[in-house]
Amino acid sequence: MADKVIILRTGNSSASAGTGIDYAALLNPAQLEAVMHDEGPALVIAGAGSGKTRIIVYRVARLIEKGVPPQAILMLTFTRRAAQEMLGRVEQLVGERCRQVAGGTFHSFANVMLRRYGQAIGLSPNFTILDRGDMEDLINLLRAQMGLASSEHRFPKKSTLAEMISIARNKARTLEEEIALEYPHFIDQTEKIVRLASAYADYKRSRGLLDYDDLLYTLAELLHNNAEIRRRISALHRYIMVDEYQDTNPIQAELISLLADYHQNVMAVGDDGQSIYSFRGADFRNILEFPKRFPNARIIKVEENYRSLQGILDLANEILAGASRKYTKTLFAHRVGQFTPILVRAQDEPMQSRFVAQRILELREEGVELGEIAVLFRSSFHSFDLELELQRRNIPFVKRGGFKFIETAHIKDALAHLRVVANPADMVSWMRVLKLIPGIGDRKAHAIVETLSKANDAPQELKALAELMRSKSHKAADGLARLAALLSEIRSDRARPADQLAVVLQYYVPLMRDEYPDDYPKRERDLEHFHEIAQRYRSLEALLTDVALEPPSDSVGDVLATDSDDELLTLSTIHSAKGLEWKVVFIIWAAEGRFPPLQSIDPEQLEEERRLMYVAVTRARDELYIVYPIRMFDRVLGYTLGQASRFLEGISPQTLMTASLEEEST
DNA sequence: CTTGGATTCATTTTT
DNA sequence: TGAATCCAAG
């Protein structure tokens with residue numbers, strides 16, 4: 001506590017302005033202690049379903065009641081959806097005042113802060129965010145430029161390169177260490193990879209581009225080097241709450257320290273049993289480090305479970321009991337009622353899908369709404385077969401996690417046109433746009449981008465180039481002229497992004513039909529859907545930022561008649577189901593080789609897989625069905641006999657009933 | 001130089 | 001199964 005911060009308190013701190021919530025009556029003692037915690041650091045260790053959200057919601061409500069201005073509270077959560085859900089519940093308690101609570105993911109918060117204060121370290125407020133695909137494309141481009149061409153024997157491909165570079169930063173390692181540790185087979189390429197990585201870093205810096213990791217690192221750098229800004233941000237957000245703390249990585253932990261530097265008011269909420277993001281650099285040991293970073297931290301443990309019936313918790317406890325690292329928590333249920341989870345063995349995948357679909361229809365007959373049901377799986381492709389089955393039976397669903405439709409080639413193509421308008425220095429998007437024109441390949445596109453980077457009026461320059469080509473009767477001349485016309489039209493257009501996109505689509509859709517003669521109708525629907533999304537935005541920058549940071553996840557397969565979320569079944573990866581709950585949960589593909597996947601071999605990874613199963617199981621409130629097929633298709637081995645996931649082996653029959661499906665004859 | 005066909009290859013989870 | 005890369009024809 002070096003400097004003192006003078007804080008202007010608005011509102012009356014003694015009178016409770018709200019309706020007067022009777023916290024003691026609504027919360028158990030451990031929860032109450034957490035909610036009533038005032039100043040100073042606190043760590044809340046809360047088991048699954050023990051009311052983590054509840055604690056955060058009530059604490060926010062209480063702080064606001066106490067007179068803390070809502071904008072002084074900062075909620076860092078894992079997804080924006082989680083933040084919105086929490087704020088929705090706070091709103092029910094204290095009304096609309098809570099709308100001004102700051103919050104979001106680390107990345108989106110960093111984005112806002114950097115646009116506001118980044119100039120102090122020479123960052124333009126118009127920086128562009130690179131998503132993973134952009135990162136890979138740029139790396140590829142630089143690799144070609146540097147002559148580290150693909151003829152190189154065993155040089156890693158772009159996705160691997162991106163992975164190495166990103167993970168190294170997320171785990172706060174050097175690239176050399178990362179290669180030696182995780183990619184020993186590329187160790188003799190280390191020097192080239194490092195050179196490429198630094199070229200990548202230089203390129204981003206010179207063009208005002210930030211990838212996901214840069215958002216966090218640059219904010220840390222800003223806070224670290226600039227005490228004045230650090231003080232301002234810290235004074236603005238005097239109460240910080242971090243959800244899912246077990247999944248923060250070292251750089252995020254560092255950010256929290258910096259943000260809390262002047263007031264130390266951090267409440268971290270987490271559960272070491274639910275750490276499932278180590279592949280992103282998270283380490284559950286972070287949670288143990290918390291008291292070291294904040295020496296006077298108060299530690300509060302919450303174990304009582306409000307979500308699930310005891311039968312479901314018994315299974316969760318048994319799964320975790322099999323872990324090599326023992327957890328001290330044992331969940332016990334607050335609710336009364338009995339249900340024993342069922343392990344269902346299906347003959348093959350179609351049967352698994354039929355069982356799930358059929359049971360869902362039965363549940364609906366029993367009065368369970370679709371919105372109260374979820375199907376969870378380890379990897380997003382596991383649900384493909386089920387998606388077809390659901391479509392056949394007209395069961396509407398949303399799919400969370402996995403491939404975003406924003407990442408499909410046609411959406412990225414359309415997007416690239418908008419991006420070159422927003423940021424003419426965006427070389428990757430230029431390449432993409434140019435190569436769509438028939439007659440322009442890698443070489444020509446490069447040459448044009450080179451010329452454009454020296455010009456200050458891109459459409460004008462393109463027009464000139466088109467003229468030049470026409471005189472040589474080059475076949476790309478017409479296409480290039482059309483592009484020039486398009487760009488000058490939407491650039492001058494001060495209209496909303498949706499209108500700009502509409503113009504782009506007029507130009508792009510004919511090109512797309514030629515490129516994808518087989519399935520362009522489906523792609524056109526995607527583009528229309530994207531156009532609808534664009535309607536919500538008033539500025540192009542905001543649209544592009546959200547696309548990178550909060551990509552709309554509705555997948556192509558959605559049966560989207562209505563937009564009302566509550567009548568849709570949820571399909572989700574377990575990772576994306578984090579923090580959510582449903583009345584009835586199905587877990588599919590609970591088979592060896594799928595869950596855990598084949599490639600999780602080392603003990604650390606397997607431990608994480610086990611925690612993942614624990615997370616999946618504890619999403620259920622009332623009913624839980626775990627399904628796996630015994631006939632599995634493997635591309636190498638053909639059909640093989642599948643076994644239930646090892647995490648379900650040896651569970652006593654009282655805890656997990658087993659059943660197998662009979663072939664129905666219809 | 002561009003493009004299309006042939007061949008190979010590896011195959012999680014996310015901001 | 002599909003995407004990435006290689007190769008040869010136009």
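In what follows, chains carry the letters A, B, and so on, assigned in the order in which the sequence lines appear, proteins first and then strands, with residues in each chain numbered from 1.
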Go through the steps to decide whether A/Lys157 and A/Glu163 satisfy the test salt bridge (charged side-chain N to carboxylate O under 4.0 Å, His left out), and finish with yes or no. CA-CA 10 Å; A/Lys157 47 179 205 181; A/Glu163 181 81 359; over 6 Å; no

Identify the pairs formed between an N or O of the protein and an N or O of nucleotides 2-5 of chain B at a distance under 3.5 Å, and give each distance.
from	atom 1	to	atom 2	distance (Å)
B/dT2	OP1	A/Gly441	N	3.0
B/dT2	OP1	A/Lys444	N	3.0
B/dT2	OP2	A/Arg443	N	3.1
B/dT2	O5'	A/Gly441	N	3.4
B/dT3	OP1	A/Gly439	N	2.5
B/dT3	OP2	A/Ile440	O	3.4

Gap between atoms CG and P, on A/Asn140 and C/dC6 respectively (whole Å): 11 Å

A/Gln605 side chain: which of B/dT13, B/dT15, B/dT12 is closest? B/dT12

When you look at A/Gln246 and A/Glu244, which way does the side-chain hydrogen bond (donor to acceptor under 3.5 Å, both in side chains) test go after all the steps? CA-CA 5 Å; A/Gln246 75 282 355; A/Glu244 312 282 5; 2.9 Å; yes

d(CZ, A/Phe381; P, B/dT12) in whole Å: 7 Å

Nearest whole Å is fine: how far is B/dT12 P from A/Phe384 CZ? 11 Å

Sugar-phosphate, base or nothing in reach of A/Tyr277, heavy atoms under 4.0 Å: sugar-phosphate

d(A/Phe186 CZ, A/Leu161 CG) to nearest 0.5 Å is 8.0 Å

Quick check: on DNA chain B, is the nucleotide nearest A/Thr105 upstream (toward 5') of the one nearest A/Glu609, or the reverse? Name the residue that is more 5'. A/Glu609

Round to the nearest Å and state the distance from A/His185 atom NE2 to B/dC9 atom C1'. 13 Å

Does the pair A/Thr545 and A/Arg115 meet the rule for a side-chain hydrogen bond (donor to acceptor under 3.5 Å, both in side chains), with working shown? CA-CA 11 Å; A/Thr545 295; A/Arg115 292 206 195 265; 3.1 Å; yes

Rounded to whole Å, please give me the gap between NZ in A/Lys158 and C1' in C/dA4. 8 Å

For A/Phe279 and B/dT14, are the ring centres under 5.5 Å apart with planes inclined under 30°? no

Interatomic distance at P, C/dA4 relative to B/dT13, whole Å: 15 Å

What is the distance, rounded to the nearest whole Å, between atom NZ of A/Lys578 and atom P of B/dT15? 12 Å

For atom CG of A/Leu216 and atom C1' of B/dT14, their distance in whole Å: 13 Å

Choosing from B/dT15, B/dT13, C/dT5, which nucleotide comes nearest the side chain of A/Arg143? C/dT5

For A/Phe595 and A/Phe647, take the angle between the two ring planes, folded into 0 to 90°, and tell me which bin it lands in: parallel under 30, tilted 30 to 60, perpendicular over 60. perpendicular

For A/Thr573 and B/dT12, is the shortest distance between a side-chain N/O and OP1 or OP2 below 4.0 Å? no

Separation of B/dT13 C1' from A/Arg611 CZ (nearest whole Å): 13 Å

Within the structure, does a side-chain N or O atom of A/Ser379 lie under 4.0 Å from either OP1 or OP2 of B/dT11? no

Sequence neighbours excluded, which residues qualify as salt bridge (charged side-chain N to carboxylate O under 4.0 Å, His left out) partners of A/Asp214? A/Arg169, A/Lys204

Counterpart residues, side-chain contact (heavy atoms from CB on, under 4.5 Å), relative to A/Ala445 (two or more places apart): A/Met431, A/Leu434, A/Lys435, A/Ile440

